[in-house]
Amino acid sequence: MMIENKKFRMEVNKKGYVSNLTMKDDPYQMNWMIEDSYLQEKNYKDADKLFGFFELIADKEKFGSQMSVPVLKETEKGIEVVYEFETLKVKQFYDLGKAEEALFWSIELENKSQKRMNIKEFGIWTSFAYVMFRDKNVLKNIHNSAAVFPFISKDYTKLSMVRRDGSGESLGFYQIKGQTKSVGTYCDYLNLFFEDVSPSLDGMLFHKLYLAGGYPEGFKNHDWIYEKDGFNLEAGEKKNWQYVMSANQGEEDFYKEGLKWRHPKVEYTPLNIIGEVSRISVETPEGISMVSADAFYKVQDERKKTVVEICQDKENKEQYQLIFKPSAMGEHKIVLRFDNDTEDFVVLNVMDKIETVIEERVEYICDKLYHDETINPPFAFEPISNQGESLGKANLVLQKNLLGKLDASQVQKVEKCAVNYVRPKWFIDGDFRKPRKLYGDFYRCMDFEYIAHLFYLLSEFEDETLVLNTADTYLEWATEVFELRVNPELHQEERGKEESQMLGVYFLYFERLLDKLKKKGRMEQYNKIKAIWESVMDKIDEEAKTYKAAITEHFFDNAGFGPTAGALCESGRIESAKQYGALLLANIGYSNDFRAQNPDRWWEALTYMIHSLWGGVTAASAYKVFDKLKDTRYLEASYRATAGILYCYDTHSTATSPLAKGMAASTYAVAGPHINRPDLSRDRFGQSTFYRDGGIFAKLFDNDSQTPDWDMGEELVAYLENFGDKAFIIKKGTSILVINGSFEETDTEYKITSFAPYSRGFYFISDGDIIELANEKGLQKITLKKERV
């Protein structure tokens, strides 16, 4: 059956699921639903997870859309889908007539029996088109797939489906009646990495609204923020939920549409530092007033509450500012109450000073993860891995010692690792022209960019700090390894030739390496590498319209388009940088929970996730785009993502698995429940936890107890270069927004505090102009007169 209005065309299959939802004026005619035809074509066995299908447990009895043949009826207003059971009825109604440019979806659950029922679980699939298509024509992934960012709230749950091209219209989904407990995901994928196929990975996430429950009997985890309970349904009682879908032009318009559907607009600082001011701004729909706000948090497993001060704008009664100074570290749930008996909330994080986080992490790496000459393999840092990503923690040790207080013993441990472990492991007889095939019959060029960075960072130290070689020697090594990374002529096999021309994390340090070669007068090496770089960038620039560089081992990957956007900025190719930059804006989330604002990625966790390394690299790419284009959307997106990345290092968290001082975990599963692995719901872990699930993970890891931080570190190096010493003040209306800091205000001035661990610079941004207000090592606070804003 098909219905349509001015904006949408929608089809409901006779089996009861929504098979097609299209915006009629969309030039790409994207179907916003996962399609059964695609599942069949690629042999995915997930036809039971299409939009509108459901599972339900009532008094321990299971019900589901697969257990009943639905009755479909087209009415004057829309399409009705009814599932009848002996004791229950589930009715869904799709209405395109209520508004010219919106779709309303109603769900009704009726207890047909003569006794009360306990609804333990009620989950309904909302399988929007979160698909990484198995298609080398990357334009299909860009124009016909969406990232899904969840906002879970007692009365104001919403989903933002952002088309991956970052342009054109996206789709918003807003709760307007009833309560939604959570949004879970199920992942299905195919990975042919070990079959030496590239690209090798495609897959999809199926999203599921939980109106009750969602977890196995007796399930417990550390998540105290979200509800997991069910509800009772009296004899003959009906319970209703309603949602509305409408198009939007991007983040601001998504919130504007929310106001239209009577959702408050809430903005908050995702990352906060203990003892410093935290701010939340609220705009209410017309006719709705805010009445109170409380901050909930945990101290030693005891839930505590702080009343939050509310300041209503005298000119605009719908505008509110909430201010409080957190006295405890960990996640804070700020509950907002309104005069129509509804509640919304945001989840923000309160951390220790970031300098302390970095120092503790580096101490842990050097004291707990380092092998001396008595431990096999000697001079390595755990975990032992063939992948270059595992060297990121050594790079972090060096970066901290370059920016912060120098501890020569830490630098020398990394130096011994680089000379005695890294060089002979990755290169036969230590010869940089003879890479060792650590992956059976091939090696990865991507490994070399981490190794080159390691040698480059060593070259930044004074000779008196180093004990095995001079800084110039390490610069020479960095140059040789870097040339191996980018020069296809140095590789015999086709795989090596191809991978050498792919971009990677080396865009983070490449310009500084070139500058140093030039400064040292090594013009032959400089010219050679510069020519290779220009050749690669010319090719990427020429192919920008096809977005070819968005493909890596995945058919579409922020590990491809993130570094590409950053590298295009570094090389001054502005128009192509704007093209790839738009993909970054579509990739970095926005949500009422800081943990759901991370760059969109799913593979390492089999669910929507924070991935420390690639999330951090994507955040760094967005920062590079901001730095070149001066577009503050990229700065704000980069910082939103950064708050999630730092969560992977947060040892004071109370809503996920605890970490000892200095520990870290590379992955956080945002979804709850994580339907593939419920035990990982809203939890931090490393990929090795999937070892017992078999498949590719059993080939990647030896057991399921390996350290959860094997690929972490490089992203903190990037963070330190971007936000490690800078805070930004953005003029916003009649006030300001501080990125990487906070502020207090008096009648005449703003008192601004930087959160940067090695603070020195403060920058004011207004109408595209960036003005340096101060630049002094160790400077953490400045005062800005309001008359200057």
Side-chain angles (χ1 to χ4, degrees), residues 93 98-99 102 104-111 116 118-119 122 124 150-159 172-183 209-214 224-234 236-246 254-268 280-297 303-313 316-324 332-348 591-593:
F93 189 72
K98 200 175 282 188
F104 290 83
W105 177 39
S106 301
I107 303 159
E108 181 181 276
L109 176 63
E110 180 183 352
N111 179 359
R116 172 193 290 178
N118 177 254
I119 308 301
F122 188 12
I124 189 160
F151 297 65
I152 300 159
S153 162
K154 183 177 181 182
D155 296 296
Y156 297 107
T157 290
K158 42 193 168 277
L159 298 174
F173 177 89
Y174 306 88
Q175 171 183 308
I176 53 177
K177 186 176 182 180
Q179 295 180 357
T180 309
K181 303 293 183 181
S182 196
V183 180
L209 292 183
Y210 279 93
L211 309 179
W224 56 268
I225 292 171
Y226 292 98
E227 296 180 3
K228 309 176 180 72
D229 57 327
F231 57 83
N232 289 325
L233 202 60
E234 300 297 332
E237 184 183 0
K238 297 177 182 178
K239 195 171 181 70
N240 295 278
W241 297 262
Q242 190 175 51
Y243 303 87
V244 62
M245 292 172 243
S246 60
F254 171 80
Y255 288 116
K256 186 178 176 182
E257 284 287 304
L259 284 165
K260 173 182 166 184
W261 302 118
R262 314 293 287 164
H263 279 228
K265 178 185 177 184
V266 185
E267 295 176 294
Y268 65 102
I280 301 165
S281 67
V282 181
E283 179 181 355
T284 59
E286 188 176 351
I288 296 177
S289 298
M290 229 185 132
V291 294
S292 67
D294 293 316
F296 293 91
Y297 56 96
R303 185 161 160 154
K304 300 198 171 217
K305 179 179 83 169
T306 296
V307 177
V308 178
E309 176 189 351
I310 301 174
C311 301
Q312 187 175 24
D313 191 289
N316 186 343
K317 299 297 185 182
E318 277 94 33
Q319 299 282 354
Y320 300 82
Q321 290 291 326
L322 282 62
I323 302 166
F324 75 106
H332 282 55
K333 179 179 182 177
I334 319 298
V335 178
L336 317 171
R337 298 182 189 87
F338 304 95
D339 64 355
N340 62 347
D341 293 324
T342 62
E343 289 183 7
D344 202 354
F345 67 80
V346 296
V347 182
L348 53 81
S591 172
N592 65 329
D593 186 329

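Bear in mind the structure is a predicted one, so any value in this text is a computation, not a measurement.
- Applying the salt bridge (Lys or Arg N to Asp or Glu O under 4.0 Å) rule to Lys158 yields no partners; only residues at least two apart in sequence or on another chain are considered.
- More than 12 heavy atoms of other shown residues, nucleotides or ligands fall within 6.0 angstrom of atom NZ in Lys265.
- Closest of all the heavy-atom pairs between Glu318 and Pro285 is CG-O, 4.0 Å.
- In this view, Asn232 and Asn118 satisfy the side-chain hydrogen bond (donor to acceptor under 3.5 Å, both in side chains) rule, not counting sequence neighbours.
- Rounding to the nearest 0.5 Å gives a distance of 11.0 Å between CD of Glu286 and CG of Leu259.
- Taking the side chain as every heavy atom from C-beta outward, Met290 and Leu322 approach each other to under 4.5 Å.
- Among residues two or more places apart in sequence or in another chain, the salt bridge (Lys or Arg N to Asp or Glu O under 4.0 Å) test is passed with Asp344 by none.
- Leu209 places a side-chain heavy atom less than 4.5 Å from the side chain of Val183.
- Atoms CD1 and CG, on Ile176 and Asp155 in that order, are 12.5 Å from each other to the nearest 0.5 Å.
- Separating the CD1 atom in Ile334 from the CG atom in Leu348 is a distance of 4.5 Å, to the nearest 0.5 Å.
- Residues satisfying the side-chain hydrogen bond (donor to acceptor under 3.5 Å, both in side chains) test with Ser106, not counting sequence neighbours, are Gln242.
- Remark: Tyr210 engages no residue in a ring-ring contact (aromatic ring centres under 6.0 Å, His included) (not counting sequence neighbours).
- The shortest side-chain heavy-atom distance between Asn240 and Lys177 falls under the 4.5 Å cut-off.
- Distance OG/Ser281 to CG/Asp313: 11.0 Å, rounded to 0.5 Å.
- Note that NE2 of His332 is 6.5 Å distant from OG1 of Thr306, once rounded to the nearest 0.5 Å.
- No side-chain heavy atom of Phe296 sits less than 4.5 Å from a side-chain heavy atom of Ile225.
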Full working for side-chain contact (heavy atoms from CB on, under 4.5 Å) between Ile280 and Glu267: CA-CA 6 Å; Ile280 301 165; Glu267 295 176 294; over 6 Å; no

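- In this structure the side chain of Phe122 never reaches within 4.5 angstrom of the side chain of Leu233, judged on heavy atoms.
- Across all their heavy atoms, Lys154 and Gln175 have their closest contact at O-NE2, 3.3 Å.
- Contacts of Asp339 classified as side-chain hydrogen bond (donor to acceptor under 3.5 Å, both in side chains), with partners at least two apart in sequence or in another chain: none.
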Verify side-chain contact (heavy atoms from CB on, under 4.5 Å) between Thr157 and Trp241, making sure each step is shown before the conclusion. CA-CA 12 Å; Thr157 290; Trp241 297 262; over 6 Å; no

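- The side-chain hydrogen bond (donor to acceptor under 3.5 Å, both in side chains) search around Gln312 returns Tyr320, not counting sequence neighbours.
- Applying the ring-ring contact (aromatic ring centres under 6.0 Å, His included) criterion to Tyr226, with sequence neighbours excluded, gives Phe345.
- Evaluation of the salt bridge (Lys or Arg N to Asp or Glu O under 4.0 Å) rule for Arg116 yields Glu234 as partners, not counting sequence neighbours.
- Scanning all heavy atoms of the two residues, the minimum distance from Leu336 to Phe338 falls at O-CE1, 3.7 Å.
- What you find for Ser591 and Pro150 is that their closest heavy atoms are OG-O, 2.6 Å.
- Contact check for Val266 versus Asn592: no side-chain heavy atoms found under the 4.5 Å cut-off.
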Under the criterion side-chain contact (heavy atoms from CB on, under 4.5 Å), I'd like the reasoning laid out for Val347 against Tyr268: C-alpha separation, chi angles, the key distance, then a yes or no. CA-CA 9 Å; Val347 182; Tyr268 65 102; over 6 Å; no

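- Scanning both residues, Phe104 and Ala99, for their nearest heavy atoms gives CE1-CB, 4.0 Å.
- Under the ring-ring contact (aromatic ring centres under 6.0 Å, His included) criterion, His263 pairs with Tyr156, Tyr174, sequence neighbours left out.
- The closest side-chain heavy-atom distance from Thr180 to Leu211 is below 4.5 Å.
- Atoms CD1 and CD1, from Ile107 and Ile124 in turn, are 4.0 Å apart once rounded to the nearest 0.5 Å.
- Residue Asp341 qualifies as open at atom CG: its count of foreign heavy atoms under 6.0 Å is 12 or below.
- The salt bridge (Lys or Arg N to Asp or Glu O under 4.0 Å) test applied to Asp229 returns Lys181, not counting sequence neighbours.
- Legend: residues meeting ring-ring contact (aromatic ring centres under 6.0 Å, His included) with Phe173, ordered by chain and number and at least two apart, are Phe128, Tyr243.
- Scanning all heavy atoms of the two residues, the minimum distance from Ser246 to Ala102 falls at CB-CB, 4.4 Å.
- Between Thr342 and Ile288 the shortest side-chain heavy-atom distance does not fall below 4.5 Å.
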